[in-house]
Amino acid sequence: MRINRPDLAEATLRILKSVDEDNCLTALTQTWIQIYKSGMQSNLDEIISLLNQLSERVGGYSLKTYNMLGCTLMLKNDIERAAKIFENAVNELQLNSAEGQEKLASPNADLSCLIFNYIKCLAILNG
């Protein structure tokens, strides 16, 4: 994807699916390809579906998948649902606890992106 060759990414995805269709890496690869090709409503719905399937498979969302889901919902202009996704992610972090404060103090690009996108989402909601 980085070299702007979705054809190679899709070929790699076919290989991954032939090895193990239910693997997390296969699901993430499929999601990234859909994000790359996004813009059409059906692709955005497919991304949401893939992220939900991935979370069911691995037992929940990570910061990265919460962020991807929230951003996809923002692209669909479903700002209220996106805000709820970001809010759930922040609540799961339990930032009021000692462990949560530790997460805030340590460098974490996924957490930074999630909080930044949550703030953007709230700004859109509040005009």
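Contacts classified as ring-ring contact (aromatic ring centres under 6.0 Å, His included) and involving residues 87-116 (residues at least two apart or in different chains) are not found. For residues 111-127, no residue pair satisfies the salt bridge (Lys or Arg N to Asp or Glu O under 4.0 Å) rule, not counting sequence neighbours.
Applying the salt bridge (Lys or Arg N to Asp or Glu O under 4.0 Å) criterion to Arg81, with sequence neighbours excluded, gives Asp78. Residues satisfying the side-chain contact (heavy atoms from CB on, under 4.5 Å) test with Glu87, not counting sequence neighbours, are Asn91, Tyr118. Evaluation of the side chain to side chain donor-acceptor pair (under 3.5 Å) rule for Thr12 yields no partner, not counting sequence neighbours. With sequence neighbours left out, the side chain to side chain donor-acceptor pair (under 3.5 Å) criterion links Glu92 to Tyr66. Residues satisfying the salt bridge (Lys or Arg N to Asp or Glu O under 4.0 Å) test with Lys64, not counting sequence neighbours, are Asp110. With sequence neighbours excluded, no residue satisfies side chain to side chain donor-acceptor pair (under 3.5 Å) with Lys17. For Gln53, the side chain to side chain donor-acceptor pair (under 3.5 Å) criterion is met by Ser49, not counting sequence neighbours.
Ala9 and Ile33 make their closest contact through O-CD1, 3.5 Å (heavy atoms, listed as atom of the first residue, atom of the second, distance). Closest of all the heavy-atom pairs between Ala82 and Gly70 is CB-O, 3.4 Å. The shortest heavy-atom contact between Ser55 and Tyr61 is OG-CZ, 3.3 Å.
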Cut-off 3.5 Å, no hydrogens considered: what does the side-chain donor-acceptor table look like for residues 95-102, sequence neighbours left out?
{"unit_1": "Ser97", "atom_1": "OG", "unit_2": "Gln94", "atom_2": "O", "d": "2.7"}
{"unit_1": "Ser97", "atom_1": "OG", "unit_2": "Gly100", "atom_2": "N", "d": "3.0"}
{"unit_1": "Gln101", "atom_1": "NE2", "unit_2": "Leu95", "atom_2": "O", "d": "2.5"}

Audit row: Ile47, Met68, side chain to side chain contact (heavy atoms under 4.5 Å, CB included) steps and yes/no: CA-CA 9 Å; Ile47 292 166; Met68 291 168 63; 5.7 Å; no

Step by step, would you call Leu69 with Asn52 a side chain to side chain contact (heavy atoms under 4.5 Å, CB included)? CA-CA 8 Å; Leu69 182 57; Asn52 288 330; 4.0 Å; yes

Going through the distances and angles, do Leu73 and Lys84 end up as a side chain to side chain contact (heavy atoms under 4.5 Å, CB included)? CA-CA 10 Å; Leu73 288 167; Lys84 287 178 184 172; over 6 Å; no

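Of the possible donor and acceptor atoms, none in the side chain of Asn67 sits under 3.5 Å from a partner among the backbone N and O of Leu63.
Between the side chains of Thr26 and Thr29, not a single donor N or O lies within less than 3.5 Å of an accepting N or O.
The hydrophobic cluster containing Met74 also contains Ile119, counting ILVMFWY residues as joined when their side-chain heavy atoms lie under 4.5 angstrom apart, directly or transitively. Taken together through direct or relayed side-chain contacts under 4.5 Å among Ile, Leu, Val, Met, Phe, Trp and Tyr, Ile85 and Leu44 form part of one hydrophobic cluster. Cluster membership for Phe86 and Ile79, using ILVMFWY side-chain heavy atoms within less than 4.5 angstrom, is shared.
Side-chain contact check for Leu16 versus Gln30: every heavy-atom pair is 4.5 Å or farther apart.
The line from CG of Leu51 to OG1 of Thr72 is 6.0 Å long, rounded to the nearest 0.5 Å.
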